[in-house]
> 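Before we start, here is the structure in question, set down as structure tokens.
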Amino acid sequence: MTTAPDAATDTPPNFVREIIVADQQTGKHDGRVVTRFPPEPNGYLHIGHAKSICLNFGSAQEFGGRCHLRFDDTNPATEELEYVQSIQADVRWLGFDWGEHLYFASDYFERLHGHAVELIEAGKAYVCSLSADEIKEYRGNFYKPGTDSPYRNRSVEENLDLFARMRAGEFADGAHVLRAKIDMASSNINMRDPPIYRIKKATHHRTGDKWCIYPMYDFAHSLSDAIEGITHSLCTLEFEDHRPLYDWCVDNVSVPSKPRQIEFAKLNFTYILLSKRRLLQLVQQRVVDGWDDPRMPTLSGMRRRGYTAEAIRGVCERVGVSKHNSTIDISLLEHAVREHLNATSPRVMGVLDPLKLVLTNWPEGQVEWIEAPYFADDASRGARKVPLGRELYIEREDFKEVMVKGWHRLSPGTEVRLRHVGIIKCEEVVKDAAGELALLRCTLDMETRGGSAPGRKVKGTIHWLSAAHALPIEARLYDRLFLKENPGDVPEGGHFIDNMNPQALQVVRGAFVEPSLAGAAPGTRVQFERLAYFCVDPDSSKDLLVVNRTISLRDSWAKEEGKPAGKPAGKG
RNA sequence: UGGGGCGUCGGCAAGUGGUAAGCCAGCGGGUUUUGAUUCCGCCUACCGCAGGUUCGAAUCCUGCCGCCCCAACCA
């Protein structure tokens with residue numbers, strides 16, 4: 001009994017992999033592994049889908065199989081071409097490739113229809129003319145078995161005729177439905193003669209008006225899997241009750257293979273909402289700026305925000321695959337994002353809230369271009385030149401007029417290091433007429449140029465910009481979209497939108513970045529040293545760079561400062 | 001009054017009869033020209049509860065308890 005793949009891929013073992021390994025060992029499906037990712041094109045993909053994508057494509061990859069991308073487009077009322085395009089882009093961005101295997105359930109409409117006829121001919125399906133309400137009534141409930149439809153015993157001929165006329169468009173929506181004849185007394189309500197075809201006179205985004213009857217999920221999905229030779233059909237937990245019906249469909253129709261449905265728990269995160277219905281509301285009510293708003297948990301939103309595919313794949317891997325309904329701590333996602341960005345983002349300097357600082361002993365008009373490496377620990381990864389002049393901007397937050405214990409940035413009379421430059425001392429604090437802090441006058445210790453000097457030690461290093469060269473930017477600071485750990489937890493009479501974080505987006509104008517970023521392409525990711533990771537937004541123009549804060553750096557000082565006092569403050 | 005799942009550290013999650021991995025979070029410390037990164041420690045879980053089988057059980061059996069899903073002509 002060996003589960004060798006684990007060690008090789010460094011991914012934790014899980015029950016799905018175990019099943020596949022066991023199937024390969026027993027020679028089931030001749031050892032082939034064919035999976036599929038089957039989205040309905042009725043919305044954008046979000047991070048919850050990422051788990052399914054990684055599982056399906058990942059399993060196929062791992063076992064030398066293939067994974068199909070199949071659109072489950074059987075409900076023309078909710079589906080759109082825009083979604084089929086965005087879904088493909090997102091799956092590709094995540095790093096997966098379906099090769100030739102792009103399919104649509106709608107491509108099987110003719111064939112599925114044939115299988116429906118096959119069922120009718122075998123006496124295993126019938127046209128039911130009860131209304132939706134009546135069908136519901138006849139279905140019974142959890143405790144009461146259903147009762148047979150009065151149309152259950154229509155003759156094969158009549159069923160065939162009726163079904164043909166349904167297809168021909170002779171009847172209005174809802175007039176008839178084709179039902180599988182299974183067992184109205186089953187303890188599993190899905191088996192109580194489930195409808196498998198309904199009349200829906202709607203234009204389909206691919207088949208247009210060719211059809212006015214459409215197959216239902218259970219029938220279309222199971223047979224599509226079988227038609228494609230899917231071996232392992234991975235879906236989420238809520239479909240467990242559907243498995244008997246899935247198997248019934250495959251077993252009662254002449255399809256070339258017998259796939260196995262396996263259910264796993266879907267992904268959930270604290271502070272994130274992954275309900276398609278609700279995400280759609282956010283978009284439609286314009287609470288956000290679209291599906292790709294960087295505050296959205298959609299793959300397109302996260303991409304625009306600066307999250308990387310590697311990070312998202314990484315979380316999916318760490319999270320594992322099980323049958324528990326679980327909610328992952330959002331910090332795991334944040335960790336994965338920081339981890340990858342830390343390893344890949346060039347460091348540059350940007351100032352979000354500028355405070356002017358004058359180096360009084362720096363000659364007026366003199367500019368020095370300092371060579372600064374993009375990665376402090378690896379010079380081979382490149383460098384850029386940063387201009388240094390007499391007038392600088394530093395982060396307002398890095399100056400405190402009144403010292404506090406533990407503070408090691410700038411204060412009147414204290415020293416701090418200017419990154420890549422040397423040690424400066426704050427000699428004078430200048431205020432404006434209104435008494436507001438206007439600028440700092442400092443001196444640069446020329447003995448410490450470069451940043452260090454024997455015997456000199458300063459605890460703080462701050463970032464800065466040459467005022468004359470600083471590039472104006474618009475910084476969009478993003479934060480969690482919801483304040484509640486479970487955004488879907490809404491009090492009586494409340495709305496989930498009430499749980500939103502009004503500060504989830506703060507637009508900062510009047511921020512600056514070093515000139516090396518001039519003309520940076522949208523999608524460029526960098527770290528603003530000591531602040532956060534940023535990503536250049538497509539809204540940027542030649543006049544104004546727009547950057548999105550992907551995620552802030554961890555900040556143990558802020559945490560320290562925010563701590564409640566250990567003991568009552570001393571008096572006096 | 002039904003059926004289907006699931007219960008292992010704060011959050012995930014390994015473990016499949018031999019005496020509880022790992023990750024995230026949290027806490028403490030070292031290094032550091034990012035209070036970042038990194039490194040080193042700590043986080044002492046009686047495995048939902050109660051019985052039973054066994055030399056030995058998180059792992060097997062029984063009974064409870066708790067949580068999730070299911071009664072669309074949605075997927």
Side-chain angles (χ1 to χ4, degrees), chain A residues 1 6 12-14 18 38-40 42 72-75 77-79 128 130-132 135-136 139-146 173-179 186-192 194-200 213-214 216-218 220-221 235-244 263 265 269-270 276 315 317-336 338-339 342-343 347 349 376-377 406-409 417-423 448 450-452 458-463 527-532 552-561:
Chain A
M1 302 301 107
D6 302 348
N14 65 59
E18 266 172 34
E40 182 191 11
N42 66 349
D72 233 332
D73 55 349
T74 56
N75 183 1
T78 58
E79 299 155 5
C128 181
L130 252 23
S131 70
I135 287 182
K136 185 183 178 126
R139 186 154 34 220
N141 58 41
F142 292 153
Y143 315 110
K144 193 178 89 192
D173 288 14
H176 307 281
V177 76
L178 183 70
R179 293 226 252 169
S186 172
S187 55
N188 180 344
I189 293 180
N190 291 307
M191 299 298 268
R192 319 240 262 228
I196 54 176
Y197 259 94
R198 80 289 214 183
I199 299 171
K200 184 163 286 209
I213 57 172
Y214 293 92
M216 301 281 294
Y217 167 81
D218 293 287
H221 196 95
C235 64
T236 45
L237 249 28
E238 67 267 29
F239 291 104
E240 276 176 319
D241 286 338
H242 291 244
R243 194 181 339 122
E263 311 85 9
F269 284 103
T270 53
K276 248 189 196 177
V315 203
E317 194 166 287
R318 285 167 195 251
V319 149
V321 181
S322 76
K323 290 176 84 86
H324 295 114
N325 288 112
S326 60
T327 302
I328 278 66
D329 195 316
I330 191 65
S331 64
L332 183 68
L333 206 210
E334 297 176 340
H335 170 82
R338 288 198 182 98
E339 181 179 61
N342 173 52
R347 306 309 118 114
M349 293 192 286
D377 56 358
W407 179 255
H408 41 241
R409 274 111 99 159
R417 174 165 36 239
L418 239 36
R419 173 117 248 225
H420 302 120
V421 175
I423 297 173
T448 63
S452 58
V458 288
K459 285 192 187 136
T461 297
I462 64 174
H463 55 94
Q527 181 198 95
F528 282 13
E529 280 195 282
R530 306 207 310 126
L531 294 176
S552 60
L553 256 33
R554 295 186 58 175
D555 188 347
S556 60
W557 167 247
K559 191 187 279 183
E560 174 82 12
E561 215 177 18

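Order of the sequence lines sets the chain letters (A, B, ...), proteins ahead of strands, with each chain counted from 1. Since this is a predicted model, take the numbers as computed values, not measurements.
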> What's the closest nucleotide to the A:Asp329 side chain, out of B:C73, B:G11, B:C68?
B:G11
> Would you confirm whether A:Arg318, through its side chain, and A:Ala336, through its main-chain N or O, come within 3.5 Å as a donor-acceptor pair?
no
> Would A:Phe142 pass as stacked on B:C70, i.e. its ring centre under 5.5 Å from the base's six-membered ring centre and planes under 30° apart?
yes
> How far, in whole Å, is B:A25 from B:G66 if one measures between their P atoms?
35 Å
> Going by ring centres under 5.5 Å and near-parallel planes (under 30°), is A:Trp557 stacked on B:G35?
yes
> For A:Tyr143 and B:G2, do the ring centres fall under 5.5 Å apart while the planes stay under 30° apart?
no
> Heavy atoms only, 4.0 Å cut-off, all strands: where does A:His221 land among base, sugar-phosphate and nothing?
nothing
> Considering only the P atoms, how many Å lie between B:G26 and B:C64, rounded to the nearest integer?
42 Å
> What pairs with A:Ser452 under side-chain hydrogen bond (donor to acceptor under 3.5 Å, both in side chains), at least two apart in sequence or on another chain?
none
> Can you tell me if A:Thr236 uses its side chain to pair, donor with acceptor, with the backbone of A:Ala265 under 3.5 Å?
no
> Quick check: any donor-acceptor pair below 3.5 Å linking the side-chain of A:Asp241 to the base of B:G3?
yes
> Could you work out the separation of B:U31 and B:A14 based on their P atoms and round it to a whole Å?
39 Å
> Taking the P atom of each, how far is B:U38 from B:C24, in whole Å?
9 Å
> With a 4.0 Å cut-off on heavy atoms, is A:Arg419 in touch with a base, just the backbone sugar-phosphate, or nothing at all?
base
> Can you tell me, in whole Å, how much space there is between the P of B:U8 and that of B:G3?
25 Å
> What interatomic distance, in whole Å, is found between P of B:C43 and the corresponding atom of B:G56?
31 Å
> When the C1' atoms of B:C42 and B:A50 are considered, how many whole Å apart are they?
35 Å
> Test of understanding: with side-chain hydrogen bond (donor to acceptor under 3.5 Å, both in side chains), list the residues that count as partners of A:Thr461, not counting sequence neighbours.
A:Arg417
